[in-house]
**Student:** 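Input: one structure, supplied below.
Both ligands and their constituent atoms are indexed starting at 1 by order of listing.
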Amino acid sequence: MDDVERDVLAAIAASGTVNTGTIAARLGVDREVTVGVMKRLLAADMIASTPIDRSMLTLTDEGARAIEIGSPEARAHAAVPSEGMELATFKSTSERDVADVGFKQAMQCKWLTMVKGERPRIERAVETIVDETRETLRKVQRGEMIEQKTTEALKKRKLIKEEKWKEYELTKGAEFALERKVLPADLTKEMMNEGSWKGQEFKAYNLVPGAGAQPASGHVHPLLKVRQAFREIFFSLGFSEMPTNNFVESGFWNFDTLIQPQQHPARDAHDTFFMKTPAKMNFAPEDYVDRVRTMHEIGGGGSIGHQYAWKRAEADKNILRTHTTAVSARMLYDIAQTGFKPARLFSIDRVFRNEAVDRTHLAEFHQVEGVICDKNLTLGDLIGVLYQFFERLGMTQLRFKPAFNPYTEPSMEIFAFHPMLDKWVEVGNSGMFRPEMLEPMGLPEDVNVIAWGLSLERPTMIMYGIDNIRDLFGSKMMISSVKNNPICTI
Ligand code: PHE
């Protein structure tokens, strides 16, 4: 218990009531100190308190200056000689506050008048004036009361300001005493030895939970949180995850197996990252490579192919995969080899594109891809499964737009009504893999594959309200935003 606390208690005992502001002034301490003491005593139920709003007018620097050298309007009056002067000269030779506010106020007080003409003049309307503003400011300085209307006017002119604070009237509480008992929080060895613990009163436990400290552990990046939510949606729909741990792909698996022609612009260095070392490597079964070559060159199964000379060298080039469909192609080939069985597969991983970086594009991003391989699938199955999938993301209204992908026919862009954004947005791309792609793999003729893809970044940005992708991913992301982002709620 400190001296201020003791003095406050003594003052209440002596006169029944005490004001935190008055006692602070008497003891020569800050007002906050007596308020702090009050809070401690309130918590111990030793006093009761009633707040009182207090305020005080003080001079601003400009107000203090007006007391010293006169108000701007008085100085404006003084600046005009008895015979008057040209307005332009007055304005150009006076100090700014005199030329502006001072002039306006002096005109309002009818201390000056204006003589209109080609070169307007100002003259004194009265010879002597009383500087009321200065007088009022002096009153404020002495702490005297002034009229409410005048207070408002001077506050508006920034000559005075009002300081506000709370004071408290303190009276005795239920547990009032001249000393605050500081109760022990712990049972000590001495209390045990002496047996004093028996009559001892202890400090009560605080059972109100406070906010816990942030654990010093790692934090999950928002993209990973949303990825996990997507994985769970796929698992709940009976999908299994494809192995996507190879960022480097050959052109063969990324493009050729999808029967994307070798002269397609996407296979250009402008759009795709090519590896320097090793620049080439392609572990692909030669019989399959041959069937893919034939499909490109002359077609098969009713298709005429692309009608050009397919080059093995192009297929062998190492690149950073441009989409996860490269992995889907590998999986479908495996399914055909091991004897067809229906499959539902998904992947969520990183892909790379040689793109100009801006607020919505990075050279690397994540794709979410779903693939279903079964007999006699139709476009209706694709539409049905898309409704199932997007419903779990909270989007129940979908629209489809015909689109083009080199490896799907038909292809559809997917639009959804986004409840959070309250508008229709493009949410993905989809289609049925072409027979030209499936036949060389060795899948039975009546097997169809439906698939769809979307980015992981876009839903994450929408969900976390991020509008610049660089705030989400890469070296410019703030560590604090990794630590503080909320859990994903899809
Ligand atoms: N691979 C496509 C892309 O990169 C997405 C897609 C996947 C389209 C599956 C159709 C089917 O945009």
Side-chain angles (χ1 to χ4, degrees), residues 230 233-234 237 239 241-242 244 246-247 249-261 264-268 270-273 319-333 335 343-355 360-374 377-390 393 398-416 425-438 441 443 447-459 469:
F230 271 107
I233 290 173
F234 276 115
L237 291 169
F239 283 69
E241 193 162 12
M242 297 188 250
T244 47
N246 55 318
F247 291 171
E249 246 326 337
S250 62
F252 182 75
W253 289 104
N254 194 85
F255 296 120
D256 293 284
T257 58
L258 303 172
I259 320 296
Q260 185 150 331
H264 192 284
R267 298 183 73 148
D268 202 280
H270 289 298
D271 289 316
T272 301
F273 290 112
I319 59 165
L320 294 183
R321 70 170 173 233
T322 65
H323 54 184
T324 46
T325 314
V327 182
S328 304
R330 282 179 179 276
M331 294 303 288
L332 291 169
Y333 174 76
I335 288 172
R344 276 185 259 189
L345 303 167
F346 80 94
S347 65
I348 308 171
D349 210 343
R350 211 173 279 201
V351 300
F352 307 85
R353 290 188 190 172
N354 195 356
E355 275 186 293
T360 53
H361 293 89
L362 288 179
E364 57 188 297
F365 64 100
H366 294 73
Q367 280 191 334
V368 179
E369 183 152 321
V371 177
I372 303 178
C373 170
D374 204 349
L377 289 174
T378 65
L379 194 63
D381 292 306
L382 176 58
I383 291 173
V385 78
L386 289 174
Y387 269 106
Q388 272 192 337
F389 177 79
F390 283 99
L393 293 170
L398 298 184
R399 280 179 187 164
F400 303 98
K401 187 173 144 192
F404 173 78
N405 287 314
Y407 39 90
T408 55
E409 180 61 34
S411 312
M412 305 187 301
E413 274 170 9
I414 312 158
F415 292 79
V425 291
E426 196 191 329
V427 290
N429 189 2
S430 67
M432 301 188 68
F433 283 135
R434 298 180 75 106
E436 288 98 323
M437 168 180 163
L438 305 180
M441 291 176 169
L443 284 168
V447 168
N448 308 105
V449 179
I450 55 179
W452 72 99
L454 55 144
S455 91
L456 183 64
E457 277 75 2
R458 214 159 105 94
I469 198 160

**Student:** Is there side-chain contact between Val327 and Glu369, with at least one heavy-atom pair below 4.5 Å?
**Tutor:**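 SC-SC contact between Val327 and Glu369 ruled out.
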
**Student:** Could you tell me, atom by atom, which parts of ligand 1 come under 4.0 Å of a heavy atom of Tyr407?
**Tutor:** 1 (N), 2 (C), 3 (C)

**Student:** Less than 4.0 Å between a side-chain N and a carboxylate O, is that true for Glu355 and Arg353?
**Tutor:**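 Judged by the 4.0 Å cut-off on N to carboxylate O distance, Arg353 and Glu355 do not form a salt bridge.
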
**Student:** Check ligand 1 against Ala451 and write out every atom of the ligand that is under 4.0 Å from a heavy-atom position of the residue.
**Tutor:**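 Ligand 1 atoms under the 4.0 Å threshold to Ala451: 9 (C), 11 (C).
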
**Student:** Side-chain donor-acceptor pair under 3.5 Å between Asp271 and Thr322, yes or no?
**Tutor:** no

**Student:** So, does Arg353 sit close enough to ligand 1 that a heavy atom of it is under 4.0 Å from the ligand?
**Tutor:**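 The answer is yes, since Arg353 has a heavy atom less than 4.0 Å from ligand 1.
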
**Student:** Show which atoms of ligand 1 fall inside a sub-4.0 Å distance from at least one heavy-atom site of Gln367.
**Tutor:**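 Heavy-atom distances to Gln367 below 4.0 Å select 3 (C), 4 (O), 12 (O).
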
**Student:** Just to verify, what does Phe365 make a ring-ring contact (aromatic ring centres under 6.0 Å, His included) with, not counting sequence neighbours?
**Tutor:** none

**Student:** What atoms of ligand 1 come within less than 4.0 Å of a heavy atom belonging to Asn405?
**Tutor:**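 Those of ligand 1 that fall under 4.0 Å from Asn405 are 8 (C), 10 (C).
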
**Student:** Quick check on contacts: which atoms of ligand 1 are under 4.0 angstrom from a heavy atom of His323?
**Tutor:** 1 (N), 4 (O)

**Student:** If you count the atoms of ligand 1 from 1 in the order shown, which ones are under 4.0 Å from a heavy atom of Ser430?
**Tutor:**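 By the 4.0 Å cutoff, the relevant atoms are 10 (C).
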
**Student:** Could you check whether the rings of Phe346 and Phe234 sit parallel, tilted or perpendicular, using 30° and 60° as the cut-offs?
**Tutor:** parallel

**Student:** Determine the interplanar angle of the Tyr407 and His323 rings, folded into 0 to 90°, and report it as parallel if under 30°, tilted if 30 to 60°, perpendicular if over 60°.
**Tutor:** perpendicular

**Student:** Near Thr325, which atoms of ligand 1 are under 4.0 Å from a heavy atom of that residue?
**Tutor:** 1 (N), 7 (C)

